[in-house]
Each structure stands twice: as structure tokens, then as C-alpha cells.
Amino acid sequence: MNFIIVLILFIIFFILFLKVLAALRYRLYKANAFENKIYNKLANIINQNYIYKNIYIKRQNGRLTELDVLAVHATGIYVFECKNYGGVISGNIDKKEWKHIYENGEKHTFFNPVFQNEVHINAVKFLTKTYDIPYYSIIIFSDRCEIENISGSMPDTFIINENNLNDLMKKLLSCKKKINEKTLRKINNDIKKNSSTSKANHRKLIKDMKKGLTKCPHCNGDIIEIKNKKSKYYRCSNYPKCKYKADKLREII
């Protein structure tokens with residue numbers, strides 16, 4: 001009798017596990033499909049040899065970060081954070097959390113994608129620091145998503161829906177100031193040599209993200225908790241040399 005109960009519980013657990021796994025795979029498929037779509041749209045505007053999708057590069061602190069899409073052009077380096085969301089998005093560029101209302105009315109918050117993409121851009125800047133070239137941050141949501149109210153602004157940062165991509169890129173690529181072809185090839189070669197699409201890097205990225213809860217994302221120093229009468233926050237142990245600070249542990253990425 002006990003064996004039957006255990007067997008039934010095991011079957012129930014296994015079915016639930018398969019459902020969770022299927023849901024995760026579907027979410028990953030949707031994300032990859034959207035990134036592929038953006039990649040293909042850019043390939044109609046920019047040389048395909050200068051566009052990268054789902055690449056891993058090292059940050060200044062030695063940890064990895066993953067970029068959805070990156071494009072190199074004579075007018076600058078364009079870093080895309082792709083969000084295949086439906087529903088309604090609202091937030092403030094200077095705030096760490098944005099709001100997302102699903103199509104079914106459910107609400108939740110997510111980490112500010114501008115901050116998220118800033119990590120990616122800083123990694124690219126570190127990799128290409130010997131070149132004088134503009135960097136553009138483009139947060140792109142699917143057309144199923146309504147960008148209701150995003151307040152604040154940041155230089156060379158754009159938050160758009162997919163259907164606005166062509167118009168934005170044509171405007172940015174028309175910039176008169178351009179780097180020469182020789183420098184462009186050097187930048188592209190540096191990115192190609194120092195990036196990877198290996199799946200093994202994804203596993204390392206997960207480890208790095210877990211490590212990120214205890215290590216400073218800027219200098220890799222220890223993260224320490226600071227408490228006073230009014231508040232609690234986290235800062236780098238190398239303060240004041242390193243001025244990194246976060247209000248919550250999950251913001252340390």
C-alpha cells in the first residue's frame with residue numbers, strides 16, 4: 001500500500017516537473033524567436049557580419065554577461081535588450097523596478113531593462129575602450145506590448161516597440177560623423193575574438209549571477225550590508241575607492 005502511495009506521489013511530481021520544464025522551454029523559445037526577429041530586421045539595414053545575437057562577453061570584474069543583440073556600425077555600437085512581453089509596461093528610467101501588467105490583468109515588477117542593458121554596454125565599452133565611438137542602448141519590446149508611461153531620459157537610450165525599429169535605426173545610421181572602415185573592422189574583430197555563443201558560457205553565467213549576490217559588479221570586492229537607523233543598503237568593501245551601492249541584493253548583477 002505504501003509503495004502505491006509513493007508511486008502515485010512520484011508520478012504526480014514527475015508530471016508537475018515536466019509541466020514546469022515545458023513552460024520554461026516555451027518562454028526561452030519565445031525569447032529566442034523575438035531576438036531572431038530583431039536580428040533579421042537589422043540584417044536588412046546593417047552588414048550581417050557586424051551583427052551578433054546571444055553572445056557572452058566578459059565584464060571588467062571578470063564575470064560574464066549575455067547580450068541579446070549587438071550591432072557594429074560606422075556610426076556607433078548598438079546594444080539591444082529584447083523583451084518579448086505582452087500587456088502594458090510603465091516605469092521610470094531612473095527607478096530600479098518597472099511595472100508589467102499582463103494581458104490577463106496580473107501585475108508584477110521587473111528589473112529596469114535600461115539598467116540591465118547598461119551592464120551590457122559597460123562590458124562592451126571595456127572591450128572596446130581603445131576606440132572613440134558612440135554607444136547606443138536600445139530597449140525593444142514586442143508589438144504585443146503597450147509602452148504606456150516611461151518617464152525620465154538618458155543620453156543615447158531609446159525605448160521602443162518592434163515596429164519603430166526601422167525608423168529609429170535609419171535616423172541613427174544617418175549620422176554624419178562616422179569612423180573609417182579600417183577602424184570598424186578592428187572593432188568588429190575585437191568583439192568577434194572576445195565573445196562566444198557557447199552554451200557552456202550560459203552555465204557559467206548562472207554561476208556568475210549567483211556569485212553576484214556577494215561580489216561587487218564593478219571591482220569584484222565583497223558586498224557588505226550597511227545598516228543605520230533609517231535604512232539598510234549594500235556597498236562594496238573597497239569603499240571609498242569603489243562607490244558601488246545597491247538597495248537590494250538582487251540589484252547586484
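Note that the coordinates shown come from a computational prediction; the quantities given were computed from them, not determined experimentally.
Here Tyr85 and Tyr102 keep their ring centres 6.0 angstrom or further from each other.
Side chains of Leu168 and Ile138 form a contact here, defined as non-hydrogen atoms less than 4.5 Å apart. Counting heavy atoms from C-beta outward, Ile139 and Phe80 have side chains that stay 4.5 Å or more apart. Using a 4.5 Å heavy-atom cutoff, the side chains of Gln116 and Lys83 are in contact. Contact check for Ile159 versus Ile140: no side-chain heavy atoms found under the 4.5 Å cut-off.
A donor atom on one side chain and an acceptor atom on the other are found under 3.5 Å apart for Asp190 and Tyr131. Side-chain N/O atoms of Thr128 and Tyr135 include a donor and acceptor closer than 3.5 Å. A side-chain donor from one of Lys53 and Asn36 sits under 3.5 Å from a side-chain acceptor of the other.
Tyr56 and Leu64 make their closest contact through CB-CD2, 4.5 Å (heavy atoms, listed as atom of the first residue, atom of the second, distance). Of all heavy-atom pairs between Cys175 and Lys178, the closest is O-CE, 3.1 Å. Of all the heavy atoms in Asn238 and Gly221, the pair that sits closest is ND2-CA, 3.7 Å. The shortest non-hydrogen separation linking Tyr136 to Gly76 is CE1-CA, 4.3 Å. Closest approach of Ile179 to Ile187, counting heavy atoms only: CD1-CD1, 3.7 Å. Across every non-hydrogen atom of Cys82 and Ile38, the tightest pair is SG-CG1, 4.1 Å.
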Evaluate the ring-ring contact (aromatic ring centres under 6.0 Å, His included) criterion for residues His73 and Tyr50: first the C-alpha distance (whole Å), next the side-chain angles of each, then the deciding distance (0.1 Å), finally the verdict. CA-CA 7 Å; His73 188 262; Tyr50 289 76; 8.8 Å; no
Using the side-chain hydrogen bond (donor to acceptor under 3.5 Å, both in side chains) rule, take Asn188 and Tyr52 through it: C-alpha gap first, then chi angles, then the decisive distance, then the call. CA-CA 10 Å; Asn188 194 53; Tyr52 301 85; 2.7 Å; yes
Could you walk me through whether Leu173 and Tyr78 pass side chain to side chain contact (heavy atoms under 4.5 Å, CB included), step by step? CA-CA 10 Å; Leu173 298 182; Tyr78 299 85; 3.6 Å; yes
Step by step, work out the side chain to side chain contact (heavy atoms under 4.5 Å, CB included) result for Lys58 and Phe126. CA-CA 9 Å; Lys58 279 189 179 180; Phe126 180 66; over 6 Å; no
Begin with the C-alpha distance, continue with both residues' side-chain angles, and end with the deciding distance and a verdict on side chain to side chain contact (heavy atoms under 4.5 Å, CB included) for Asn54 and Leu67. CA-CA 5 Å; Asn54 298 128; Leu67 285 66; over 6 Å; no
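No donor-acceptor pair under 3.5 Å is formed between the side chain of Ser142 and the backbone N or O of Asn84. In this structure a side-chain-to-backbone donor-acceptor pair under 3.5 Å is present from Trp98 to Asn92. Distance alone, capped at 3.5 Å, places no donor-acceptor pair between the His120 side chain and the Val69 backbone. For the pair Asn117 (side chain) and Val79 (backbone), a donor-acceptor distance under 3.5 Å is present. Checked by atom type and distance alone, the side chain of Asn189 pairs as donor or acceptor with a backbone atom of Arg185 at under 3.5 Å. Proximity of a side-chain donor or acceptor of Asn112 to a complementary backbone N or O of Lys95 within less than 3.5 Å is detected. No donor-acceptor distance shorter than 3.5 angstrom exists from the side chain of Asp68 to the backbone of Glu81, with no hydrogens or angles considered. At distances below 3.5 Å, not a single donor-acceptor pair connects side-chain atoms of Asn161 with backbone N or O atoms of Asn163. Thr157 places a side-chain N or O within donor-acceptor distance of the main-chain N or O of Pro155, the cut-off being under 3.5 Å. With Arg59 contributing its side chain and Thr65 its backbone, the two residues share no donor-acceptor pair below 3.5 Å.
Taken to the nearest 0.5 Å, the CZ atom of Arg144 stands 5.5 Å off from the CD atom of Glu103. Of the inter-residue distances, the one linking Ile77 atom CD1 with Ile121 atom CD1 reads 9.5 Å to the nearest 0.5 angstrom. Rounding to the nearest 0.5 Å places OG of Ser196 at 9.5 Å from CD1 of Ile55. Of the inter-residue distances, the one linking Glu146 atom CD with Ile101 atom CD1 reads 9.5 Å to the nearest 0.5 angstrom.
At a threshold of 4.0 Å, the pair Glu148-Lys99 does not count as salt-bridged, since none of the basic side-chain nitrogens sits closer than that to a carboxylate oxygen. Under the 4.0 Å criterion applied to side-chain N and carboxylate O atoms, Glu225 and Arg235 are not assigned as salt-bridge partners. Residues Glu35 and Lys37 are not paired through a salt bridge, judged by the lack of any N-O separation under 4.0 Å between the basic side chain and the carboxylate.
Tracing side-chain contacts under 4.5 Å through hydrophobic residues (I, L, V, M, F, W, Y), one reaches Ile89 starting from Met154; they form part of the same cluster. Put simply, Val114 and Phe110 are part of the same group of oily side chains (I, L, V, M, F, W, Y) that touch within less than 4.5 Å, one to the next. In this structure, Leu165 is a member of the same hydrophobic cluster as Ile45, with clusters built from ILVMFWY side-chain heavy atoms closer than 4.5 Å. In the hydrophobic cluster analysis, where Ile, Leu, Val, Met, Phe, Trp and Tyr join through side-chain heavy atoms closer than 4.5 angstrom, Val88 is grouped apart from Phe141. Linking Ile, Leu, Val, Met, Phe, Trp and Tyr residues whenever their side-chain heavy atoms come within less than 4.5 Å places Val124 and Leu172 in a single cluster.
Other residues, nucleotides and ligands contribute over 12 non-hydrogen atoms within 6.0 Å of the CG atom of Asn180.
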